[in-house]
Enquirer: 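Here it is, the structure, as structure tokens.
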Amino acid sequence: MKVRESGMPNEKMWAEFFEPEKILCIMELNHNVADVVEFGCGYGTFTIPVAKIVKGTVYAIDIEEEMIKRVAERANEEKLNNIKTLLRDFVNEGSGLEDRSVDYAMLFNILHAEKPEDLLKEAYRILKPGRKLGVIHWNCDPETPRGPPMTIRPRPEQCIKWAIESGFKFEDRHDLKPYHYGLVFSKPGKE
Ligand SMILES: C[S@@+](CC[C@H](N)C(=O)[O-])C[C@H]1O[C@@H](n2cnc3c(N)ncnc32)[C@H](O)[C@@H]1O
């Protein structure tokens with residue numbers, strides 16, 4: 001089941017809302033990170049730059065064939081061979097990844113899902129202990145040029161509460177100007 005209000009504007013417009021390299025750096029996605037999963041990769045706005053930074057595989061999951069094809073095409077153009085695209089419904093089928101198998105989980109612009117706790121629990125399951133989860137979302141400001149309706153747009157405090165209830169430890173909050181906030185969590189324990 002596609003997450004409500006998760007359709008995208010055109011690729012060029014979407015790209016204008018972010019400075020992906022800057023955001024990835026703030027969100028602790030650096031060259032020390034190995035395997036990454038992105039839940040709902042869209043056009044690959046973050047998938048492509050993150051694949052250039054990390055030392056492992058980037059699992060890019062999306063329910064839309066068009067999005068998966070676009071990410072594969074961009075990876076090919078940029079000669080990136082560490083992106084694994086997965087055409088998959090993570091709401092109904094989960095990520096399909098093994099327990100404790102990835103080093104970073106990206107939930108970018110997706111936690112307005114009907115059941116955000118289920119996504120967080122799935123991210124928790126597949127993360128290795130001690131590793132990070134990054135959440136970014138649109139600021140709770142009706143003036144932002146896009147973003148889910150205010151009635152379902154999660155506030156940072158709400159995301160923090162859901163994540164803690166799912167087992168995560170809250171680490172940091174960032175202002176990802178001009179339109180987003182970022183939250184970094186870790187999965188307690190050691191590998
Ligand atoms: C708002 S976009 C965010 C894309 C990307 N994370 C970004 O920030 O640029 C959400 C993406 O999640 C995908 N999506 C929605 N529901 C999904 C589901 N149940 N399983 C897999 N992908 C899903 C949509 O097709 C869309 O590409």
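Residue numbers run from 1 in the order of the sequence given. Order of listing sets the numbers, starting from 1, for every ligand and every atom in it.
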Enquirer: Considering both backbone and side-chain atoms of C41, is one of its nitrogen or oxygen atoms within less than 3.5 Å of a nitrogen or oxygen in ligand 1?
Expert: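 N/O-N/O distance under 3.5 Å: no.
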Enquirer: Geometry only, no angles: is E38 polar-contacting ligand 1 at N/O separations under 3.5 Å?
Expert: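 Yes; at least one N/O pair falls below 3.5 Å.
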Enquirer: If you count the atoms of ligand 1 from 1 in the order shown, which ones are under 4.0 Å from a heavy atom of G42?
Expert: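 With G42 as reference, the close atoms of ligand 1 come out as 4 (C), 27 (O).
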Enquirer: Write out the residue and atom name of the closest protein heavy atom to atom 12 (O) of ligand 1, then the distance separating them to 0.1 Å.
Expert: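 Protein heavy atom with the smallest distance to atom 12 (O) of ligand 1: G40 CA, 3.3 Å.
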Enquirer: Is there a heavy atom of W14 sitting under 4.0 angstrom from any atom of ligand 1?
Expert: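 Yes, W14 has a heavy atom closer than 4.0 Å to ligand 1.
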Enquirer: Where do E66 and K69 land on the salt bridge (charged side-chain N to carboxylate O under 4.0 Å, His left out) test, with the steps shown first?
Expert: CA-CA 5 Å; E66 181 197 341; K69 278 191 179 156; over 6 Å; no
Enquirer: Looking at ligand 1, does any of its N/O atoms fall within less than 3.5 Å of an N/O of V3?
Expert: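 N/O-N/O distance under 3.5 Å: yes.
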Enquirer: Could you see which bit of Y43 sits under 4.0 Å from ligand 1, with heavy atoms only: side chain, backbone, both or neither?
Expert: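 None of Y43 does.
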Enquirer: Heavy-atom contacts with I110 under 4.0 Å: which atoms of ligand 1 show up? List them by number with element.
Expert: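 So the answer, numbered in order with elements, is 10 (C), 12 (O).
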Enquirer: Have R74 and T47 got a donor and an acceptor in their side chains that come within less than 3.5 Å?
Expert: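 Short answer, no.
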Enquirer: Could you find the nearest protein heavy atom to atom 24 (C) of ligand 1 and give me its residue, atom name and distance?
Expert: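 Nearest protein contact, heavy atoms only, for atom 24 (C) of ligand 1 is D62 OD1, 3.5 Å.
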Enquirer: Apply side-chain contact (heavy atoms from CB on, under 4.5 Å) to residues S6 and N109 and explain how you reach the verdict.
Expert: CA-CA 8 Å; S6 66; N109 298 304; over 6 Å; no
Enquirer: Using distance alone, determine whether F90 and ligand 1 share an N or O pair under 3.5 Å.
Expert: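 Yes; the residue has a nitrogen or oxygen that sits under 3.5 Å from a nitrogen or oxygen of the ligand.
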Enquirer: Which atoms from ligand 1 have a heavy atom of N109 less than 4.0 Å away?
Expert: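 Listed by number with element: 1 (C), 7 (C), 8 (O).
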Enquirer: Could you give the distance from NE2 (H112) to CE (M150), rounded to the nearest 0.5 Å?
Expert: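 Nearest 0.5 Å value for the NE2-CE distance: 13.0 Å.
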Enquirer: Can you name the atoms of ligand 1, numbered from 1 with element, that are less than 4.0 Å from a heavy atom of R88?
Expert: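 Listed by number with element: 20 (N), 21 (C).
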Enquirer: Looking only at non-hydrogen atoms, which of T47, T45, I63 approaches atom 23 (C) of ligand 1 most closely?
Expert: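 It is I63 that holds the nearest heavy atom.
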